Amino acid sequence: MRQPTLATKLLSLASLAAVTQAELGKIHWRGLCNLTNATDMSASGSMICGTLDVPLDYTDSSSNKTLTLDIAKWPATKQPVAEPIIFNFGGPGENSFEGLGLYGEEFQAILGGHNDLIAFNPRGVGNTLPFSCYSDSVSRELASLQAPSDGRASDTALGEIWAQSANIAQACYALNNQTGSLMGTSFAARDTMQVVDALQGKDGLLNFWAISYGTTVGAVIAAMFPERMGFVALDGIDNPAEVLHGYNPQKVVDVDKVLEGFCTGCMAAPDLCPLANYYNNAAELEAAIYIMLDTLKFNPIAIPEIGGVVTYSDVKSTIYEALYLPSSWPLTSELILYVQARNTTVLGISSVYEQLKSYGESASLTSSAKEAGTGVTCSDKARTATMEELLPYIRISEALSKIASDNANGDMTCAQWNKKMYAKERYTGDFNVKTANPVLILSNTFDPITPLAAAKNLTATFEGSVLLEQNGYGHTTLSMPSLCTAKAIRAYFNNGTLPANGTICQTDVPLFTTLTYEDVWPKNFQRSVGSVDDTNALKALMSIREKMSRRRN
Ligand SMILES: *[C@@H]1O[C@H](CO)[C@@H](O)[C@H](O)[C@H]1NC(C)=O
Ligand SMILES: *[C@@H]1O[C@H](CO)[C@@H](O)[C@H](O)[C@H]1NC(C)=O
Ligand SMILES: *[C@@H]1O[C@H](CO)[C@@H](O)[C@H](O)[C@H]1NC(C)=O
Ligand SMILES: *[C@@H]1O[C@H](CO)[C@@H](O)[C@H](O)[C@H]1NC(C)=O
Ligand SMILES: *[C@@H]1O[C@H](CO)[C@@H](O)[C@H](O)[C@H]1NC(C)=O
Ligand SMILES: *[C@@H]1O[C@H](CO)[C@@H](O)[C@H](O)[C@H]1NC(C)=O
Ligand SMILES: *[C@@H]1O[C@H](CO)[C@@H](O)[C@H](O)[C@H]1NC(C)=O
Ligand SMILES: *[C@@H]1O[C@H](CO)[C@@H](O)[C@H](O)[C@H]1NC(C)=O
């Protein structure tokens with residue numbers, strides 16, 4: 001993700017006031033997107049780009065200032081064209097153009113090709129009120145080097161993280177004091193409905209496919225505009241009330257079970273998981289991983305050749321982030337092996353070392369996407385706290401999971417957020433709502449950041465909603481291919497057909513596998529594939545899985 005420069009930031013601020021009221025509500029499609037510099041977008045050739053002006057500040061009805069949203073469309077490939085579907089890729093801070101550009105072809109294959117797929121860059125991302133806290137990567141890196149990424153790294157870590165977070169909050173304020181309060185989930189909900197209005201679908205209803213934090217946006221839309229909910233699929237739920245108002249330690253409740261899944265999958269596939277050759281069973285392997293981390297805490301690995309040190313925090317956050325995506329597990333297992341062996345030759349290879357370090361950085365702090373996410377999260381939270389007030393929640397998080405991040409960085413930054421950047425509008429109601437159409441809620445059984453319990457909670461509070469559980473591991477159902485899940489999503493968006501409440505879908509490949517989307521269909525798969533449409537959907541799911549792991553690695 002590219003860092004917006006201060007110059008582009010000022011430019012977009014200057015353009016805010018320049019638009020006339022008459023252009024509000026109308027999308028200006030410019031033609032094929034110009035994404036040549038973005039990575040891994042070979043398939044994005046058919047995406048169309050445009051802009052839509054929306055009110056800058058929904059709370060100020062006397063102002064006519066507007067904001068330009070960048071909006072993208074992956075056009076339907078088949079007639080007749082049905083209602084458009086809006087995507088939200090979460091984060092907060094994910095670039096929607098990258099999401100739709102990367103996966104648009106696959107989403108079309110899953111859905112059957114009759115819908116225009118729409119995404120817009122949310123506030124804080126891309127050209128839309130870009131939110132970043134550092135004007136260059138050197139100052140960003142320096143700011144992130146003042147404390148470990150995990151509060152359990154030492155007795156002094158939490159205090160150091162608190163002090164570092166004070167600096168981060170201040171740095172964010174210094175560069176975003178004019179715009180920070182204009183972000184947040186409520187404005188994201190209103191922006192989404194502006195897009196629905198501008199698309200001028202037949203019924204004016206929102207059709208929405210959202211993952212991860214996008215489900216929080218979806219939940220807030222459902223609460224604010226229940227009568228405008230069309231077909232809405234929310235995959236990877238983080239309890240919205242907790243995200244918006246609480247500290248939410250429960251989100252890591254299943255992380256250690258995902259690590260157990262890693263170990264079980266590894267032992268079942270020794271060819272793809274070299275670690276398996278050193279242990280008798282999954283429990284032994286799991287215990288060894290925790291022992292390795294404990295050893296690293298007091299004995300980090302020096303790599304004199306490159307002046308580097310591999311620490312407890314580096315390895316722990318590398319493993320935690322890998323738990324999001326089983327397709328990255330074969331590589332992760334190799335990495336663990338080399339750390340256990342303290343093999344400085346391999347760990348010192350720049351790509352390996354950078355991987356260990358950059359994972360750590362993204363888990364803790366400041367990539368620009370991370371900063372946009374912090375901007376949204378902290379503006380929504382709008383609550384200062386002392387370190388003493390935060391500690392109990394950090395301790396709960398630490399008790400719930402040995403391998404997850406304790407999120408001290410995130411919580412401590414928000415606790416020191418400048419009040420002038422609190423979101424101007426915050427949804428403070430509950431989520432007991434009856435939506436115009438029932439919502440489809442999806443969750444993996446074992447998800448390292450949006451647990452099944454949160455999905456069950458939302459299913460209980462959204463009247464008429466139905467839960468589809470995918471018996472798999474990783475973050476959102478997209479992290480593992482399941483034709484059963486894909487068919488349920490397709491049927492829902494095609495004509496509103498919901499799966500039976502509590503349906504459990506199995507996945508179609510083992511946790512560790514060399515199967516790729518190019519493999520012969522369908523004989524390699526655990527399930528027989530029916531039609532051409534189903535074959536294409538399964539192929540698309542495998543392709544999503546591969547692209548996700550390529551981006552992460
Ligand atoms: C915006 O509002 C101000 C004051 O209400 C008015 O003077 C100005 O003409 C308006 N600008 C546009 C572009 O409508
Ligand atoms: C894409 O970018 C190139 C180089 O900046 C420019 O020449 C071209 O006109 C752009 N195309 C569109 C459709 O914006
Ligand atoms: C795109 O890449 C080219 C060649 O690497 C570079 O010259 C150009 O500045 C880049 N454009 C943008 C918008 O980053
Ligand atoms: C507010 O932001 C501007 C840049 O947008 C900056 O020049 C100024 O110093 C900031 N003010 C404070 C108090 O940080
Ligand atoms: C480190 O791993 C490499 C690659 O597997 C191996 O060739 C080398 O001998 C190992 N070095 C040590 C010191 O074990
Ligand atoms: C759902 O979560 C909210 C917020 O944490 C909580 O107040 C509520 O009791 C939960 N509802 C159910 C049915 O678990
Ligand atoms: C689906 O099952 C959940 C959990 O039992 C329940 O809370 C929810 O109300 C059910 N939804 C429907 C439509 O019956
Ligand atoms: C809904 O669409 C699915 C295909 O996605 C189809 O199998 C099913 O029969 C349709 N149901 C109705 C009631 O039209």
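Note that the structure is a prediction, hence the values are computed from the model and not measured. In listed order, ligands and their atoms are each counted from 1.
In terms of protein heavy atoms, atom 9 (O) of ligand 7 is closest to Thr459 O, 4.2 Å. Of the protein's non-hydrogen atoms, the one nearest atom 8 (C) of ligand 7 is Asn501 ND2, 3.6 Å. The nearest heavy-atom contact from the protein to atom 7 (O) of ligand 7 is Ala460 CA, 3.5 Å.
Of the options Thr345, Leu347, Asn343, the smallest heavy-atom separation from atom 3 (C) of ligand 5 is shown by Asn343.
The distance from the CZ atom of Phe187 to the OH atom of Tyr58 is 8.0 Å, given to the nearest 0.5 Å. Taking CG from Leu69 and CG from Asn121, the interatomic distance works out to 9.0 Å, rounded to the nearest 0.5 Å.
With ligand atoms numbered from 1 in the order given, ligand 4 contributes 12 (C), 13 (C), 14 (O) to contacts under 4.0 Å with heavy atoms of Tyr173. Atoms of ligand 4 found under 4.0 Å from any heavy atom of Ala174, numbered from 1 in the order shown, are 1 (C), 2 (O), 3 (C), 4 (C), 6 (C), 10 (C), 14 (O). Per-residue contacts place Tyr338 under 4.0 angstrom from the following atoms of ligand 5 (heavy atoms of the residue considered): 2 (O), 4 (C), 5 (O).
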Per-pair distances, 0.1 Å, donor-acceptor, side chain in residues 448-458, under 3.5 Å, sequence neighbours excluded:
| from | atom 1 | to | atom 2 | distance (Å) |
| --- | --- | --- | --- | --- |
| Thr450 | OG1 | Asp447 | OD1 | 3.2 |
| Thr450 | OG1 | Asp447 | OD2 | 2.9 |
| Thr450 | OG1 | His475 | ND1 | 3.3 |

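Looking at ligand 4, you'll find an N or O of Asn177 within less than 3.5 Å of one of its N or O atoms.
Heavy atoms of Gly464 come nearer than 4.0 angstrom to ligand 7 in at least one pair. Between Ser465 and ligand 7 there is a heavy-atom distance shorter than 4.0 Å.
Only one option out of Ile441, Thr476, Leu442, Leu234 pairs with Thr215 in a side chain to side chain contact (heavy atoms under 4.5 Å, CB included); it is Leu234.
Within the 4.0 Å cut-off (strictly below), a protein heavy atom is located near atom 11 (N) of ligand 5.
For the pair Lys257 and Phe446, the cation-pi criterion (under 6.0 Å, within 45° of the ring axis) is not fulfilled.
The SG atoms of Cys378 and Cys172 are placed at least 2.5 angstrom from each other.
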